[in-house]
Amino acid sequence: MASAQSAWQPRIAIIGAGISGIAAVVKLRKAGFSQLTVFEKADKVGGTWRENTYPGLACDIPSHWYSFSFEPNPDWHHRCAHGPEIQAYLERTAQKYGVTDIVRFNSAVTRLVYQAPHWLLYCNGQNSEPEQFDIVISATGILHRTIMPAIPGLDDFAGASFHSAHWDHSVDYHGKRIGVIGTGSTSCQIVGAVTKDAQHLTLFQRTAQWVMPSPQKAYSNFTRWLRKVWPFRSVLSKVVWRAYAENTLGRANAGNKALVKLIDVIARWHLKKYVPDPVLRAKLTPDYVVGCKRLIYSSDFYPAISRENASVVTEGIERIEAEGVRTNDGVLHPLDILVLATGFDASSFILPTQVIGENGQELSEVWDGSPRAHRAVAMPGFPNFWMVEGPTGPIGNFSLIAISESQVDYIIRCLNEMHARKSAWMAPTQEAFKNYNEAMNAAVVNTSWYHGGCNSWYLDKSGLPNLYPWLSSRYFKEMKTPDFSEFRFS
Ligand code: NAP
């Protein structure tokens, strides 16, 4: 990739020091950009892996694929790394590449205002004076605003209660009666980890989930040593898992019915093998197409929920009381600890930061609950404002690190083009944005996320899935060669 000439050093603000922010800094520096400042609301790097610390936390994407291209890690201890190991990897990488040095911690960006051709950035915890930047890159992640369920009486509970993303480690869950509301990826990992130590675990399930066996396995010292002396093994692992994900679930979600059927057969076999009780099995059998919600990979969940000290409650929740959860049938389920594994608002992206673009238009109003972007990274009317992991990217059961890196590379190609044209700013045209999103809207209705008969965090206010509807390989190819006719330049 062409390097920026040292004569041109735009001031670049990067918002967020998680995976995308770290990738942005490392790659921008490598491309010759040095005037970089990272704003991070918390006191550590790591993003979602810093925030989530619940028992059982792991990545269900194989680690050698879920690693930065510039920082392969032969030392992963598991095929699907546990949360603390990923957080340590992110902190180590940020330190090694000098990212940590340029992060302003405890600095939440509250407001961005475009005053051509600059952005004014307002931050909490600082003097009221805004700072001026030429380029803003939002790397805020997708799942960071927790959803608290609108269940009456939530504050009345006398025991310990917390959202899964704010796990209270001062509470000892061993030997306690634990209730978990929600049955997503997070809940399955928590249930898989804590049930054996609970007096009783009650899972409050509104919708059953399809659960596939996890490819998890521990790597021996010998395997890790072998990966160090022969790095090709890690590269091979990455290539194989990526091809596997794309050609199985990726194609199934994009509309391949034979693959949907195959995954359905495997998921049903998994359920039958590990849940011998037919009554429990019936409760845990979803009534929608496999892959409609994000597919869960777990080999711990079914054995855990089949234990004698576990139960699944499918009756709706009426209210929370001091003693526990009362369901619509009048039954009180007494609890000591209540975990809200109720997910995240996936429609916010950089919001609630107020972003004001050309002509005073506000990003929150433009999006109005249905965020869209041009190729998931830019918005017409918001010049020099870029997003990593913005709306409609090819997320789902795929390595977010690979996606972030391809988006950062695209942004760098755009910055270099801007420089070559001696432009002060660039932004996608309304027409390019419209054409791209119309094609996407037409294609997304063919995916199982749309017609699979379920509700999920993929769907936004428009009723459409906020996802890239084609194969991820197509996205990577498109991002390699930006079409600059899709942009306005100053
Ligand atoms: P989620 O998938 O959105 O699941 C939330 C759960 O809470 C759903 O079962 C939902 O039920 C339930 N729920 C919400 N409000 C409720 C209410 N008022 N009453 C009863 N139930 C309620 O959230 P998540 O499990 O935290 O996962 C979110 C995403 O994080 C995942 O899809 C994944 O992308 C990511 N994640 C990844 C990993 C990994 O290993 N890579 C691990 C954890 C999370 P309904 O289904 O009926 O709406």
Side-chain angles (χ1 to χ4, degrees), residues 19 47-49 51-63 65-66 78-83 85-86 141-154 162-167 179-193 202-212 214-216 245 249 284 286-288 291-301 312-320 325-328 338-347 389 393-401 403 449 452-460 465-467:
I19 282 170
T48 193
W49 296 105
E51 304 269 298
N52 285 279
T53 60
Y54 58 78
L57 175 67
C59 185
D60 58 9
I61 303 291
S63 318
W65 182 26
Y66 199 82
H78 290 86
R79 180 179 277 161
C80 297
H82 293 174
E85 194 180 4
I86 300 175
I142 305 164
L143 302 170
H144 56 105
R145 294 192 70 202
T146 53
I147 293 182
M148 297 300 275
I151 302 173
L154 214 49
F162 40 82
H163 190 278
S164 57
H166 304 129
W167 191 273
V180 179
I181 301 182
T183 44
S185 306
T186 302
S187 164
C188 285
Q189 291 187 340
I190 293 171
V191 170
T202 309
L203 178 65
F204 296 92
Q205 173 187 283
R206 191 164 67 180
T207 313
Q209 290 269 3
W210 288 110
V211 183
M212 291 283 277
S214 163
Q216 181 63 298
L249 188 58
L284 295 172
D287 60 359
Y288 54 86
C292 179
K293 285 173 181 278
R294 187 182 186 276
L295 203 55
I296 294 174
Y297 287 87
S298 169
S299 298
D300 304 331
F301 174 67
V312 176
V313 173
T314 52
E315 190 67 40
I317 298 172
E318 187 191 316
R319 62 176 180 272
I320 313 285
V325 172
R326 191 172 295 279
T327 42
N328 290 332
L338 179 60
V339 180
L340 309 169
T342 42
F344 302 85
D345 171 9
S347 293
E389 298 302 347
I395 53 168
N397 294 83
F398 208 84
S399 168
L400 277 196
I401 296 191
I403 299 160
W449 307 311
C454 74
N455 190 12
S456 78
W457 63 263
Y458 290 160
L459 304 173
D460 60 28
N466 199 301
L467 289 173

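As a basis for the values below, the full set of heavy atoms in this structure was taken, side chains included, without hydrogen atoms, waters or symmetry mates. All ligand and atom numbering here is 1-based and tracks the order in the structure.
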Is any N or O atom of Ala58, backbone or side chain, closer than 3.5 Å to an N or O atom of ligand 1? yes
Proximal ligand 1 atoms for Cys59, defined as those under 4.0 Å from one of its heavy atoms: 40 (O)
Give the residue and atom name of whichever protein heavy atom lies nearest to atom 36 (N) of ligand 1, and the separation in Å to one decimal. Ser185 CB, 4.1 Å
Heavy-atom side-chain proximity of Trp167 to Pro55 below 4.5 angstrom: yes
Any side-chain heavy-atom pair of Trp49 and Leu57 under 4.5 Å: yes
Val325 vs Phe204 side-chain heavy atoms within contact, under 4.5 Å: yes
Considering only non-hydrogen protein atoms, determine which one is nearest to atom 28 (C) of ligand 1 and report residue, atom name and distance to 0.1 Å. Trp457 NE1, 3.7 Å
Which option, Leu57, Ile395, Asp60, owns the non-hydrogen atom nearest atom 41 (N) of ligand 1? Asp60
Could you tell me whether His163 and Tyr54 have their ring centroids closer than 6.0 angstrom? no
Looking only at protein heavy atoms, identify the closest one to atom 10 (C) of ligand 1 and say how far it is in Å. Arg206 NH2, 4.1 Å
Is there a side-chain contact between Glu389 and Ile19 in this structure, where contact means two heavy atoms from C-beta onward sitting under 4.5 Å apart? no
At less than 4.0 angstrom from any non-hydrogen atom of Phe344, what atoms of ligand 1 do you find? 26 (O)
Nearest to atom 44 (C) of ligand 1 by heavy atom, Thr186, Leu143, Asn455: which? Thr186
Is there a heavy atom in Gln205 that sits closer than 4.0 Å to ligand 1? no
Tyr54 neighbourhood, listing ligand 1 atoms whose heavy-atom distance to it stays under 4.0 Å: 42 (C), 43 (C)
Quick one: OH on Tyr66 to CG on Leu400, what's the gap to the nearest 0.5 Å? 5.5 Å
Find out if the SG atoms belonging to Cys59 and Cys80 lie under 2.5 Å from one another. no
Value rounded to 0.5 Å, distance of CE in Met148 from CG in Leu340: 5.0 Å
Closer than 4.0 Å to some heavy atom of Gly343 - which atoms of ligand 1 meet that? 3 (O), 5 (C), 23 (O), 26 (O)
pair Ile296-Trp210: side-chain heavy atoms closer than 4.5 Å: no
What residue and heavy atom of the protein are closest to atom 4 (O) of ligand 1, and at what distance? Gly184 CA, 3.7 Å
What residue and heavy atom of the protein are closest to atom 12 (C) of ligand 1, and at what distance? Gly182 CA, 3.6 Å
Which residue and non-hydrogen atom of the protein lie closest to atom 21 (N) of ligand 1, and at what distance in Å? Ile181 CG2, 3.7 Å
dist Cys188:SG -> Gln209:CD (nearest 0.5 Å) comes out at 6.5 Å
Looking at atom 6 (C) of ligand 1, what's its closest protein heavy atom, distance included? Ala341 O, 3.4 Å
For atom 8 (C) of ligand 1, what is the nearest protein heavy atom, given as residue, atom name and distance? Thr183 N, 3.8 Å
